[in-house]
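Values below: every heavy atom of this structure, side chains too, minus hydrogens, waters and symmetry copies. Source: prediction; values computed, not measured. Letters A, B, ... are given to chains in the order of the sequence lines, protein chains preceding strands, and every chain is numbered from 1.
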Amino acid sequence: MSIVEVSGLAKSFGQTQVFQDISFRLKSGELVTLLGPSGCGKSTLLRCLAGLITVDAGRIAVDDRDITGTPAYSRGIGMVFQSYALFPNMTVAKNIAFGLAMQKLPADEIAARSAKVIGLVELSGYESQYPHQLSGGQRQRVALARALVVEPKILLLDEPLSALDARIRKSLRDQIRDIQQRLGLTTIFVTHDQEEALILSDRIFVMDGGRIVQEGTAESVYAEPASQFVARFMGHYNLLDGTQSKALLGIETTGYIAIRPESILLSDHPTETEEGIPGVVRRRQLLGNIIRYSVESTGVSLSVDRLNGSADDLLPEGAAVRLRIDKSILREVH
Amino acid sequence: MKSGLLLIPVLAVLSIFCLAPLLEVAVDSLQTEDGIGLGNYLEILTSPFYRQAFANSLSVSLWSSCLGLVIALFGAASLRRLPGRLRDAVVAATNMASNLTGVPLAFAFIILAGTNGALTLLLRQSGLFGNFDLYSRAGLILIYSYFQVPLALLLLYPAFDALDDDWQAAAALLGARVWHYWLKIGLPVLAPAILGTFILLFANAMGAYASAYALTTGNVNLVTVRIASLVAGNIVLDPDLAAALAVLLVALMVLVTTLSQRLLKKSYHAR
Ligand SMILES: Nc1ncnc2c1ncn2[C@@H]1O[C@H](COP(=O)(O)OP(=O)(O)OP(=O)(O)O)[C@@H](O)[C@H]1O
Ligand SMILES: [Mg+2]
């Protein structure tokens, strides 16, 4: 349960500036995801917070205590690595107990506290296995348990799920969220998966090119992207440039018009007199409960999402349709 | 069956180049003046002179192997932090150094650290380390280390690739200092490679002859020097006694290897 305050953080490796002027505040018990494309500096930022790399400028404070110069081993920050980083020469139990052993706690306390987290991450029965005998999901839970057992003030998770397959990913994601809320742990979760970010977060920080370009709740970041970059990154937004938006909607813009695929209505049996923009279905993709159509209209290709209802509603490729776009939810971004 | 056939070349090479000579030596070692027997072994084991040779060989080999291993461990750990091109250059130089043995190496050391060697004079003038004697057992350990260190470095360096930098980061965040990390994770993971390297270094040193002879002209009593002089007949010619010495040398190697294998079994195993 800790408050984190970061201001003016900057880091470069030689000539390459990884990030600059990073400032944010985490509320106690909040889960924030750091969302951004590969190479934007997410891991580097986490490592700086953890004290594994020194920063060039700025200040990191936890509960009003400046920890910018504190070495990693006494920061009280827990971290889970993308590679799990389990110690291969130790059993699950030894891995998990490592942090407690470093604190030189009495053996019975180590055993009791380890057993508690082992139960929390549902690894009972695996105590004497070695990491190489575990599945990816189990390894990740060992890594989580190892970080949790020392009761860190802050938990940092660096793409903890990216090496796992989809099903395990979802269940572990929910498990992490559940544990985090139960312990009230202030957490930063790094990911480049927008869906993961939307589902997990109290707040999302979108990072690009070493800057936090937008921060807000999942709903606000998704509905109101602050820039063209965020719109592209957050969903499957249709982005129309000036000429396209003039042709399709009659709207002039120096930036882009962003339209969410689910906000466009398709009418499948258009009459000559019906309102809307005429178009032709070019492609159809089944995404489970949603069908994504690629519709071409006045030379512009648009993604349109429809709920996957009955088979009668399916539009064949080449079908003529009319598009109705609610202009009140269009967003202009730059 | 197929895999059995594939073993034939290996077995052939092993038997022609390893087993046959060994067998020959073993048979010779049993030949004595009064027929077949253990007389040669008895002579060696009861002679303080030969026992001293074994003691010297063992101590020079153990010390130079341990020294080489420790230095190479630090070297390999720091080598991993070097930028690529510099690292390649160091590895190449190491490769060369590990092959520079025998008379040329002894000569290089004599002009550098011998009685009137450049380094000796320099150190003597500065008052440091004034009475180091290159032609002693300490000198031998030094000169052996010259090829032991690079050999150990070459053998150990690839093993360091198995270490994940994130382990050290993870350990640090759990409260471990650097030495905790090495003690609890780094060295245990490297243990098989360290033990394997140690055996090779030890065998290498036990069998070394030319550099030792060139440096001390036989003044330091080593098993290999004894074998050579018995075969060459400098003082006495007794190839059968030499064969017995060789067999004991091999037996010692087998013992050390077995002990290390025992240790290896107990240590952590990579999958
Ligand atoms: N030790 C280093 N030395 C030099 N450059 C580095 C170092 N670590 C990271 N970088 C550079 O910093 C930038 C950001 O790297 P970082 O690993 O933080 O990205 P990331 O957002 O975590 O990406 P990913 O999603 O792929 O993990 C990259 O361009 C990378 O090349
Ligand atoms: Mg990363």
**Item:** Working for ring-ring contact (aromatic ring centres under 6.0 Å, His included), residues Y144(B) and F147(B)
**Value:** CA-CA 6 Å; Y144(B) 275 30; F147(B) 55 80; 5.4 Å; yes

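In this structure, CZ in F202(B) is found 11.5 Å from CG in N204(B), a value given to the nearest 0.5 Å.
Looking at L100(A), neither its backbone nor its side chain comes within 4.5 Å of chain B, counting heavy atoms on both sides. Neither the backbone nor the side chain of A162(B) comes within less than 4.5 Å of any heavy atom in chain A.
The candidate with the highest count of non-hydrogen atom pairs below 4.5 Å against chain B, out of R146(A), Q103(A), R75(A), Q133(A), is R146(A).
Annotation: cation-pi geometry not satisfied between K184(B) and Y181(B) (NZ/CZ under 6.0 angstrom from ring centroid, within 45° of ring axis).
A donor-acceptor pair is defined here as one N or O able to donate and one able to accept, closer than 3.5 Å; such a pair exists between the side chain of D56(A) and the backbone of S12(A).
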